[in-house]
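Take a look at the structure set out below.
Please read all numbers here as calculations on a predicted model, not as lab measurements.
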Amino acid sequence: MEIKKGKATKRKKGILKRISGPVVTAVNMDAHMYDVVKVGDEELMGEVIKIDGDDTIIQVYEDTSGIKPGEPVENTGLSLAVELGPGLLTSIYDGIQRPLETLVEKMGDFIERGVTAPCLNREKKWEFKPMVKKGDTVHPGTIIGEVQETNIVHRIMVPPNTPGGEIREIKSGMFTVEETVCVLKDATEITMMQRWPVRLPRPVTAKLNPDIPLITGQRILDGLFPIAKGGTAAIPGPFGSGKTVTQQALAKWSDAEIVIYIGCGERGNEMTEVLTEFPELEDPKTGKPLMERTVLIANTSNMPVAAREASVYTGITIAEYFRDMGYDVSLLADSTSRWAEAMREISSRLEEMPGEEGYPAYLAARLSEFYERAGRVETLNGTNGSVTVIGAVSPPGGDFSEPVTQNTLRIVKVFWALDSKLSQRRHFPAINWLNSYSLYIDVLSTWYDEHVSTEWNEIRTWAMEILQKEDELLEIVQLVGSDALPEEEQVTIEVARMIREIFLQQNAFDPVDTYCSMTKQYDMLKAIRGFADLAYAAQKAGVPPSQIMTVKSKNELPQIKFIKDYEPELDRIMKDLDEEFNRLRTV
Amino acid sequence: MKEYRTISKIAGPLIFVEKTEPVGYSELVNIVLSDGTIKRGQVLDTSDEIVVVQVFETTTGIGKDSGVRFAGETIKMPVSKNMLGRILSGSGKPKDGGPEIVPEKRLDIIGAAINPYARALPEDFIQTGISTIDGTNTIVRGQKLPIFSGSGLPHNQIALQIARQSKVPGSTEEFAVVFAAMGITKEEENVFMQDFERTGALERAVVFLNLADDPAVERIITPRLALTTAEYLAFELDMHVLVILTDMTNYCEALRQIGAAREEVPGRRGYPGYMYTDLACIYERAGIIKGKKGSVTQISILTMPGDDITHPIPDLSGYITEGQIVVNRELHRKGIYPPINVLPSLSRLMNLGIGEGHTREDHKKVSDQLYAAYAEGNDLRGLVAIVGKDALSERDRMFLEFADLFEDRFVRQGADEDRSIEGTLDLSWDLLAHLPEEQLVRIDRDLIHKYHPNHRRKAEE
Ligand SMILES: Nc1ncnc2c1ncn2[C@@H]1O[C@H](COP(=O)(O)OP(=O)(O)OP(=O)(O)O)[C@@H](O)[C@H]1O
Ligand SMILES: [Mg+2]
């Protein structure tokens, strides 16, 4: 992370006194909380996290092996900040925004320390098209021009912490991110790059109601537990239950305009997978490669923990920056538990009083500050944008009563509970339909009425009711066996199974099934409802359930998932169903 | 090199040294006993007042009169091509009576993280010849996959069968094996060594042995030495390396012991709060790097205390590795080898290595269908215990029978039976054919027409 020189006041150098893993202590230092410092002869980057008498305690973002007491510590006097400007999209950064691609060029295949590289390319020239003219008055956040960054237009804004004023000069043409593109009357120079301290939310004019759904193409999410644009959701689940696959599916298919994907303390290969797959995949809405709207932050489990702690802030600040341009941004954090553990590790090195399960007492506060940065907003420049935050949670032993899950659930509005019982039988996504919830259903219902069908809300409720009913019936079946159920309820069991197997199950690895449009979701649910109506009517007319189960065309319904242009096939199946039931009733 | 005689405290595997000149964090330390023996350690905490050193051997014999030398560098490991065929101790010293390793290079044992941008995606299917792995939990070259087992279960036999039979169809390159034992018994050691010798695998292996009666703290460095060796063989000498780490539970116990000695606030069940990160620094040392020929595939074995998969050791491991193979006591009791329970088992990289061009187009769907059907049948066993078989519907009875069939024919196989992937898939279809065709909802119609025995028979007629 480059730190802007000049602006900062030079502060007194300190001397290292103690090194204990990622936490070091310096003395004789003039420091403020969260100042960025350079530690030791190798100038490793660190951040002040505690001041205690003459001791300044610093978390270091790189490996501290070999660093000795007595080495110097220099204070930059600046806060940990990210660079924002053209060049962000398609990039992959570590937790403190070091560009991983450049690092490979500079130091090879393994991440060594003490190497820095500018976060945004300094040489590359971008075509800047002004959107304002000389004499106009601009304010913090005003869009002064545009750059065609990828297929996404990058809007260049007056930084929120620049007072604004009348434009004395505005340029047009090819510039690097450091070159001045606009000069104000008071001689303020504006470049295409701005910096923003990661721990400080970027300002907005107003928070708006989140009443538009984020369409994800995942049936169980859109259909049963929708999230709003600007909303918050948590996906807790034991290992191997599908957090990452779900997060990646959301990164691929959700109808956000920008996606920020944070691999926080997780696997290296998973980031490589995103890097390999995304350039090949097309955005179903624009037809453009998905990578062009994506920024990746990868601080894998074996990279320094302090940088892992910072990674979520780096990610959300970048997300807010794109939101300020008026975009809908999705931020996926996999996994917030690893972030919390990084806090715990640092906290225990600080010998702070541990709270529940060793986590620091401020865990809940940090989590809610983070999720609070989500939202649909009116930006400083009057556009509407949103940041949707979706965090994976990895509870130890899969036990949701632990502190990170519990504190997260107190904040987020959507809960997608993964269940290892489901994943073990390869029911994917392994989201438990009985425990999960969305608090957005009511605010979103108008949208569904207008954009999907006026019947959508009713049919959704119907499906939920059948599933609830099934749960009750299965308890009885456990005691007496299925044949002992009343006939009508045997039909319910069958319908519920169809909802689960046809509608809820969705294969993230099937080229067609991986994404399901709202229309198709509605059609599928309507088809199951159609079967249910026929089946109940037949049962009432005296057809025994064992006969109903033999209806052949119902077994063809699951195939609909894997067919792209499914309508003719679905129509045919529905017609066959009708005929088959007619025959049953006349026999 | 300056020698200090300022040890002020010795606690468990830790020694505290005062009044030193500045000492680097993580530095290698040599402790010289009065009889001249040298023990090795590493700096855990350094300040101008006190330096905390973790000793990798027993602290027996260390006293306030012992000398302490700081090496001025972190722990390095001598590596060379000639290590193949050698047997070393858990701290890397020759144990086979052979000469010291003449280093071609000295590498830091705390391997730096592979830059995710430099990684290549693993996708080469490894055929282990075991159906429960190849068919339903396929592994690929560059994957890290542990075997979760319990005491007394045949995890060693399974690991050895994997080591013996693993190959990448269509590739002639054999795996080199790096084997690291942490706290295993003499008996277990014999099982491994005899097998390596019998099959001639030893020639292509580097063996690190820390046995049950060797110092527990040494186990902290054993896997790191092994992985440093593996990375050297893979990324500098272009070899495909299979690393076997056993038993990670003993490693974690050593970690807990050091944490306790440091009087740290313990995390879950007494294990250090940083155990996730620590284990990640071991498990993540696997994979493939763009532009390099070699690969590191990791199979670690861990015994779940009390067969409890939610115990912190398997739990944290499962959160880091790319799946797990779960060995099950009940299947073992039924006399089934290998007693692998596929339901909680998982290979996360499976999808990269299967399907057309890798194994066969029907692989994914067949595997999903096997899982779904076996899970359903297995659930019904519980129900039968309560309500009896008669209360089951016709459909349920078929799934129940399928579960038995699956265990008996798919799971069960010989310790030397090396099934091809086609064999495993064809067997799967034979078993699935016992269910009504319309119950195979996980499989596309086209595949059913092409591979289902009924249709194939028709096609042949
Ligand atoms: N929607 C899905 N469709 C098909 N397979 C899935 C789906 N979701 C999960 N899986 C399967 O489950 C495996 C594990 O999923 P995933 O890696 O997302 O787990 P996780 O919850 O992120 O685990 P961890 O906490 O260890 O990272 C995947 O490798 C894949 O095989
Ligand atoms: Mg995951």
Using heavy-atom distances under 4.5 Å, tell me whether L100(A) contacts chain B through its side chain, its backbone, both, or neither. both
Under 4.5 Å to a heavy atom of chain A? For A373(B) that would be neither
Quick one: what part of D48(B) sits under 4.5 Å from any heavy atom of chain A, side chain, backbone, both or neither? both
Between Y25(B) (side chain) and P22(A) (backbone), is there a donor-acceptor pair under 3.5 Å? no
Between E27(B), E264(B), E322(B), which shows the greatest number of heavy-atom pairs under 4.5 Å with chain A? E322(B)
Using every non-hydrogen atom in the two residues, find where A120(B) and T272(A) come nearest and quote the distance to one decimal. C-CG2, 4.1 Å
Using heavy-atom distances under 4.5 Å, tell me whether L279(B) contacts chain A through its side chain, its backbone, both, or neither. neither
Only one of I288(B), L349(B), I114(B) passes side-chain contact (heavy atoms from CB on, under 4.5 Å) with N269(A); say which it is. L349(B)
With a 4.5 Å limit on heavy-atom distance, are the side chains of E345(A) and T277(B) in contact? yes
Find the one option among R338(A), E71(A), E556(A), K17(A) whose heavy-atom pairs under 4.5 Å with chain B are most numerous. R338(A)
So, the part of D396(B) with a heavy atom under 4.5 Å from chain A: the answer is side chain
Counting heavy-atom pairs under 4.5 Å with chain B, which one of P395(A), S337(A), G265(A) comes out on top? P395(A)
For chain B, the option from P238(A), S420(A), G398(A) that forms the most heavy-atom pairs under 4.5 Å: P238(A)
Just how far is it from atom CD1 of I320(B) to atom OG1 of T300(A), taken to the nearest 0.5 Å? 11.0 Å
Under 4.5 Å from a heavy atom of chain A, the part of Y276(B) involved: side chain
Should we count NZ of K389(B) as having more than 12 external heavy atoms under 6.0 Å? no
Specify which of G21(A), G70(A), G108(A) makes the most heavy-atom pairs with chain B at under 4.5 Å. G21(A)
Measure P314(B) against the heavy atoms of chain A and call it side chain, backbone, both or neither at under 4.5 Å. backbone
Go through the structure and list residues passing side chain to side chain contact (heavy atoms under 4.5 Å, CB included) with P436(B), not counting sequence neighbours. M398(B), E438(B), Q439(B)
Does atom NZ of K290(B) have more than 12 heavy-atom neighbours, drawn from other residues, nucleotides or ligands, at distances under 6.0 Å? yes
Counting only heavy atoms closer than 4.5 Å, note whether T74(B) contacts chain A via side chain, backbone, both or neither. side chain
Can you confirm whether more than 12 heavy atoms, excluding those of E356(B), are under 6.0 Å from its CD atom? no
Do you see a donor-acceptor pair shorter than 3.5 Å between the side chains of Y117(B) and E101(A)? yes
Kindly compute the distance separating CG (D109(A)) from CZ (F235(B)), expressed to the nearest 0.5 Å. 8.5 Å
Is S367(B) close to chain A through its backbone or its side chain, or both, or neither, when contacts mean heavy atoms under 4.5 Å? neither
Per-residue tally against chain A (heavy atom, under 4.5 Å) across T310(B), L121(B), V51(B) peaks at L121(B)
Less than 4.0 angstrom from a charged side-chain N to a carboxylate O is my criterion; do R425(A) and D379(B) meet it? yes
The interface call for V305(A) against chain B, heavy-atom contacts under 4.5 Å, is side chain
What I want to find out is whether K365(B) reaches D510(A) closely enough, with some N-O distance under 4.0 Å, to be called a salt bridge. yes
Once rounded to the nearest 0.5 Å, what's the spacing between atom OG of S393(B) and atom CD of Q490(A)? 9.0 Å
Counting heavy-atom pairs under 4.5 Å with chain A, which one of V23(B), L346(B), D368(B) comes out on top? V23(B)
Could you have a look at G240(A), G358(A), P396(A) and say which one has the most heavy-atom pairs with chain B under 4.5 angstrom? P396(A)
Under 4.5 Å from any heavy atom of chain A, what part of I289(B) do you find: side chain, backbone, both or neither? side chain
How close do S20(A) and R262(B) get, heavy atom to heavy atom, and via which atoms? OG-NH2, 4.1 Å
Between the side chains of Q369(B) and R426(A), is a donor N or O closer than 3.5 angstrom to an acceptor N or O? no
Min side-chain heavy-atom separation E341(A)-Y274(B) under 4.5 Å: no
Answer whether the closest heavy-atom distance between the side chains of R18(A) and T46(B) falls below 4.5 Å. no
Check whether K243(A) gets within reach of chain B through its side chain, its backbone, both or neither, counting any heavy atom under 4.5 Å. side chain
I need the L352(B) CG to F509(A) CZ distance, nearest 0.5 Å. 8.0 Å
Please check if any side-chain donor atom of Q559(A) sits under 3.5 Å from a side-chain acceptor atom of D444(B), or the reverse. no
Using only atom types and a distance under 3.5 Å, with no angle test, would you say the side chain of D315(B) pairs donor to acceptor with the backbone of G397(A)? yes
Ranked by heavy-atom pairs below 4.5 Å to chain B, first place among M271(A), E357(A), E266(A), M303(A) goes to E266(A)
If one checks every heavy atom of R395(B) against chain A at 4.5 Å, the contacting part turns out to be side chain
What part of Y374(B) is in contact with chain A, defined as an atom under 4.5 angstrom from a non-hydrogen atom: side chain, backbone, both or neither? neither
With rounding to the nearest 0.5 angstrom, report the CD to CG distance, E437(B) to N555(A). 10.0 Å
Are any non-hydrogen side-chain atoms of E284(B) and S301(A) less than 4.5 angstrom apart? yes
Tell me which of these, R268(B), E49(B), E73(B), E21(B), has more heavy-atom pairs under 4.5 Å with chain A than the rest. R268(B)
Interface moiety of R269(B) toward chain A, non-hydrogen atoms closer than 4.5 Å: neither
Examine the side chains of T321(B) and R267(A) and answer whether a donor and an acceptor come within less than 3.5 Å of each other. no
Just so I understand: if I count every heavy-atom pair under 4.5 Å between each of K144(B), Q324(B), R285(B) and chain A, which residue has the most? Q324(B)
With a 4.5 angstrom heavy-atom cut-off, which part of R119(B) approaches chain A: side chain, backbone, both or neither? both
For chain A, which of S26(B), P116(B), A375(B), P122(B) has the most heavy-atom pairs under 4.5 Å? P116(B)
Of the backbone (N, CA, C, O) and the side chain (C-beta and beyond), which part of R445(B) lies under 4.5 Å from a heavy atom of chain A, both, or neither? both
Taking N115(B) for the side chain and I111(A) for the main chain, is one N or O donor matched with an acceptor at less than 3.5 Å? no
